[in-house]
Amino acid sequence: MNATTPDVWPAAPAGDTFRFAFGRNWASFLTVLNEHRIAAAERSLQEMLQRDDLVGLRFLDIGSGSGLFSLAARRLGARVQSVDLDPDAVGCTRELRRRYFPGDPDWEISLGSALDAELMASLGHFDVVYSWGVLHHTGDMWRAIDLTASRVAPGGRLFIAIYNDAGRQTRRWTRIKRTYCQLPQPLRTPFALVVGAPNMLRAFARDVRQGQGREHIASWFGSRQQNRGMNRWHDLVDWVGGYPYQAARVDEVFGFLSSRGLMLTALKADGGLGCNEFVFQRAAV
């Protein structure tokens, strides 16, 4: 692995106040949440963490979003701390705790930012720190990664997903995402459909060729889940509108976290505009 890292770790443009309403999108997603999606989320944790369960472990979910992965971790036996900056996302996570673990003392949920050093330090250390597709939306990705990594206990693991830096295409999508967030609300859905249409059609044509056309349609609005338990419509809205937006190459993330005493144990590299998934482990004392 090339450990090259840039000399400067830039934040998003200063004073840029446009921000996608992630929590509202996740509140809509909860209307299609079912047992199949929850099981898919559990499998994704088991696969990347290489564990059948999380019994006896402390699990920190930074940017809990819909609450799906906090729920998955709790069902796998972890004691869970969920944190999100968006009050609507916090509400989603609390709703899932109400549905599946009402009054559970081993699942705590709080409002807060991954960029708040004082808050992050107050959380303590965890056996698993999880932040999938979140830290690149904070407006200061590298600081967020640094503070999140600092919560990993000795011997613990950090599981993060960060958008891959695809150069010109990444810069193009930065402009698209910012435009979405600037538009009046009634224009946002048509805009998402227009800019997402080429990728949607390619994916549909591929699945039709493979005899999976009905399954593809079900993954948009029906019960059929995608990988990690998501569905295509909410993922599309999240992708087109997800701003602030930053990205990094695999070697940049590797170098940054290796220099902070973390060893890479698992990697799923996207190669395009999607997320690279990383699991790092801190040495035991």
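Note that this is a predicted model, so its numbers are computed, not measured.
- Side chains of Thr93 and Ser70: no donor on one and acceptor on the other come within 3.5 Å.
- Residue Val134 comes nearest to Gly63 through the heavy atom pair CG2-O, 3.5 Å, listed as atom of the first residue, atom of the second, then distance.
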Requested in this report: Please test Arg171 against Arg168 for side-chain contact (heavy atoms from CB on, under 4.5 Å), starting from the C-alpha separation and ending with a verdict.
Outcome: CA-CA 5 Å; Arg171 294 189 292 273; Arg168 182 180 300 176; 3.7 Å; yes

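- The side-chain contact (heavy atoms from CB on, under 4.5 Å) test with Leu76 singles out one residue from Leu45, Val55, Leu49, Leu57, and that residue is Leu45.
- Among all heavy-atom pairs drawn from Leu135 and Ala144, the shortest one is CD2-CB, 3.9 Å.
- In this structure, Glu35 places its CD atom where more than 12 heavy-atom neighbours from other residues, nucleotides or ligands lie under 6.0 Å away.
- Counting only heavy atoms from C-beta outward, the side chains of Val253 and Arg249 never approach each other to under 4.5 Å.
- Between the side chain of Glu108 and the main chain of Gln81, no donor-acceptor pair closer than 3.5 Å is present.
- The side-chain heavy atoms of Glu277 and Met48, taken from C-beta on, include a pair separated by under 4.5 Å.
- Rounding to the nearest 0.5 Å gives a distance of 8.5 Å between CG of Leu273 and CZ of Arg172.
- Side-chain contact between Trp173 and Ile176: present, with at least one pair of heavy atoms (C-beta onward) separated by less than 4.5 Å.
- For Glu42 and Arg37, the salt-bridge test fails: no basic side-chain N is under 4.0 Å from an acidic carboxylate O.
- In summary, the side chains of Thr138 and Gln246 do not present any donor paired with an acceptor at a separation below 3.5 Å, with no hydrogens or angles considered.
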Requested in this report: With side-chain contact (heavy atoms from CB on, under 4.5 Å) as the test, would you mind laying out the steps for Glu252 and Trp142 before giving the verdict?
Outcome: CA-CA 10 Å; Glu252 291 176 328; Trp142 296 107; 4.0 Å; yes

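- From Arg79, atom CZ reaches atom CG of Leu54 across 12.0 Å, with rounding to the nearest 0.5 Å.
- Separation of atoms CG (Leu158) and CG (Leu257) is listed at 6.0 Å; rounding is to 0.5 Å.
- Applying the ring-ring contact (aromatic ring centres under 6.0 Å, His included) test to pairs two or more places apart or on separate chains, none has a residue in residues 81-129.
- Two residues are said to be in side-chain contact when any heavy atoms from C-beta on lie closer than 4.5 Å; Phe29 and Asn25 fail this criterion.
- Connection of Leu193 to Val237 is established within a shared hydrophobic cluster, with ILVMFWY side chains joined at heavy-atom distances below 4.5 Å, either directly or through further cluster members.
- Leu187 approaches Pro190 most closely through the heavy-atom pair O-CD, 3.4 Å.
- Looking only at distances, no side-chain donor or acceptor of His136 sits under 3.5 Å from a matching main-chain atom of Tyr245.
- The closest side-chain heavy-atom distance from Asp146 to Arg143 is not below 4.5 Å.
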Query - side-chain contact (heavy atoms from CB on, under 4.5 Å) assessment of Arg178 paired with Thr174 - result: CA-CA 6 Å; Arg178 192 173 189 276; Thr174 301; 5.7 Å; no

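- Linking ILVMFWY residues whenever their side-chain heavy atoms come closer than 4.5 Å, directly or via other members, places Phe254 and Ile162 in the same cluster.
- For the pair Asp84 (side chain) and Gly65 (backbone), a donor-acceptor distance under 3.5 Å is present.
- Closest non-hydrogen pair, Ser66 versus Leu30, comes out as O-CD2, 3.7 Å.
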Side-chain donor-acceptor pairs under 3.5 Å in residues 278-285, sequence neighbours left out?
| unit_1 | atom_1 | unit_2 | atom_2 | d |
| --- | --- | --- | --- | --- |
| Gln281 | NE2 | Gly155 | O | 3.1 |
| Arg282 | NE | Val152 | O | 3.0 |
| Arg282 | NH1 | Arg260 | O | 3.2 |
| Arg282 | NH2 | Ala149 | O | 2.8 |

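- Leu60 places a side-chain heavy atom less than 4.5 Å from the side chain of Leu123.
- Residues Val90 and Ile109 form a side-chain contact, since some pair of their non-hydrogen atoms from C-beta on lies under 4.5 Å apart.
- The closest side-chain donor-acceptor pair between Arg188 and Gln185 falls under 3.5 angstrom.
- Taking the six-membered ring for Trp and the full ring otherwise, the centers of Tyr180 and Tyr243 sit at least 6.0 Å from each other.
- Separating the CG atom in Leu85 from the OG atom in Ser64 is a distance of 10.5 Å, to the nearest 0.5 Å.
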Report task. Please step through side-chain contact (heavy atoms from CB on, under 4.5 Å) for the pair Phe191 and Thr179, ending with a clear verdict. Result -> CA-CA 9 Å; Phe191 180 81; Thr179 298; 4.0 Å; yes

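- Between Arg99 and Leu33, the closest heavy-atom pair is NH1-CD2, 4.4 Å.
- Counting only residues at least two apart or in different chains, side chain to side chain donor-acceptor pair (under 3.5 Å) contacts with residues 148-164 comprise Asn164-Asn276.
- In this structure, Phe69 has its ring center at least 6.0 angstrom away from the ring center of Trp132.
- Tracing side-chain contacts under 4.5 Å through hydrophobic residues (I, L, V, M, F, W, Y), one reaches Ile38 starting from Phe59; they form part of the same cluster.
- In this structure the side chain of Val80 reaches within 4.5 angstrom of the side chain of Ser82, judged on heavy atoms.
- Closest of all the heavy-atom pairs between Cys275 and Asp270 is O-CB, 3.5 Å.
- We find the SG-CG distance between Cys92 and Leu68 to be 11.0 Å, quoted to the nearest 0.5 Å.
- Here Arg74 contributes atom CZ and Leu96 contributes atom CG; the two are 14.0 Å apart, rounded to the nearest 0.5 Å.
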